[in-house]
Amino acid sequence: MNMVSTVTNNPDFNNIMGMLRNGTNGIYKNLADFKADFPTYNINSINLPPKFNNPAKYDFTLQADSPHIGAGSADGSKNIGGTSYGVPYVAGLAPQWLEANSAVISRSDGSTPDLVLSGNDLVLAPGKVSGQITSAPMRISLNPAAIQLLQYNGFLGFNKSQAGGSATNNNVPDANVHAGNTTNGAGNPDRLSYEMRWTDNDVMPGSDVDWTVTPIVTPGTFLHFEWNTQPMFDTMGFGNGNALFNKNASPSPVSAVWIQVRVTLTNNYV
């Protein structure tokens with residue numbers, strides 16, 4: 001049986017895509033036949049493709065039309081399996097990452113892009129040691145909403161124990177590389193980071209002063225945040241991807257309508 005449970009000891013509100021039987025000696029049946037024979041069981045369960053965004057890359061967030069959304073409780077407030085709705089922004093495909101739509105790729109030599117596409121992954125161009133891409137503004141919500149996480153689903157070809165610049169340290173998604181031990185990279189925090197700025201205004205930002213912010217964050221400033229975790233910033237204005245972030249300084253989640261993300265790839269991870 002393939003069953004995703006939403007509440008402990010609650011057999012209802014599930015997506016059951018396998019076979020069921022009642023008791024140890026019952027006949028296995030699909031969900032529709034089982035519900036016909038036992039109408040008081042799994043009343044609100046479904047048997048539909050869940051529509052995850054990219055399970056091949058372990059992205060089990062939900063597409064906008066996933067049947068899991070709102071189907072995990074009677075009042076529609078929960079998703080099946082506790083899964084979350086997510087918007088994939090795939091390099092080379094999502095319009096927010098295209099230069100034609102105002103995304104910006106760095107050119108350290110003034111002419112050639114520091115990043116190029118390899119399939120659907122952005123990688124460092126040959127001969128480049130670092131490169132950035134800054135997205136166009138992304139609308140993530142109709143109303144201000146706390147961001148749960150930004151998940152990185154890309155090529156991770158590196159080994160932090162190797163000296164910077166080695167073949168195993170290519171394309172590291174880290175926007176906050178600190179100087180340290182050049183033998184093993186120990187000077188850098190054990191985290192991968194990106195940069196982001198945001199606003200809770202309804203109108204798409206058009207300049208630096210349109211990006212919010214707080215009394216401790218200068219308008220237009222990008223903060224450093226840690227990949228694959230909830231973006232938080234402390235009372236000194238440091239994001240949780242910064243080595244100076246203080247988790248004990250009353251950190252706040254980022255609540256936004258619009259965000260702009262900057263990703264830095266490096267092959268000099270020291």
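Closest of all the heavy-atom pairs between Phe225 and Pro231 is CD2-CB, 3.5 Å.
Every residue was checked against the ring-ring contact (aromatic ring centres under 6.0 Å, His included) condition with Phe222, not counting sequence neighbours, and none meets it. Residues that satisfy the side-chain contact (heavy atoms from CB on, under 4.5 Å) test with Ser207, not counting sequence neighbours, are Val209, Asp210. Shown here are the side-chain hydrogen bond (donor to acceptor under 3.5 Å, both in side chains) partners of Asn246, two or more places apart in sequence or in another chain: there are none. Here Leu149 pairs with Gln151 under the side-chain contact (heavy atoms from CB on, under 4.5 Å) rule; sequence neighbours left out. Arg21 meets the salt bridge (Lys or Arg N to Asp or Glu O under 4.0 Å) test with no other residue; sequence neighbours excluded. Scanning for side-chain hydrogen bond (donor to acceptor under 3.5 Å, both in side chains) contacts around Asn44 gives Asp12, with sequence neighbours left out. Applying the side-chain contact (heavy atoms from CB on, under 4.5 Å) criterion to Ala145, with sequence neighbours excluded, gives Ser141. Qualifying side-chain hydrogen bond (donor to acceptor under 3.5 Å, both in side chains) partners for Ser106, counting only residues two or more places apart in sequence or in other chains: Asp114. For Phe38, the ring-ring contact (aromatic ring centres under 6.0 Å, His included) partners at least two apart in sequence or on another chain are Phe34. Shown here are the side-chain hydrogen bond (donor to acceptor under 3.5 Å, both in side chains) partners of Gln132, two or more places apart in sequence or in another chain: Thr264. In this structure Asp234 satisfies the salt bridge (Lys or Arg N to Asp or Glu O under 4.0 Å) test with no other residue, sequence neighbours excluded.
When only modelled atom types and interatomic distance are considered, Ser45 and Lys35 share no side-chain donor-acceptor pair under 3.5 Å.
A distance of 4.5 Å separates CD1 in Ile80 from NE2 in His68, rounded to the nearest 0.5 Å.
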Donor-acceptor contacts under 3.5 Å from residues 249-263 side chains, at least two apart:
{"unit_1": "Trp258", "atom_1": "NE1", "unit_2": "Asp202", "atom_2": "O", "d": "3.0"}
{"unit_1": "Gln260", "atom_1": "OE1", "unit_2": "Arg197", "atom_2": "NE", "d": "2.8"}
{"unit_1": "Gln260", "atom_1": "OE1", "unit_2": "Arg197", "atom_2": "NH2", "d": "2.8"}
{"unit_1": "Gln260", "atom_1": "NE2", "unit_2": "Ser135", "atom_2": "O", "d": "2.8"}
{"unit_1": "Arg262", "atom_1": "NE", "unit_2": "Thr134", "atom_2": "OG1", "d": "3.0"}

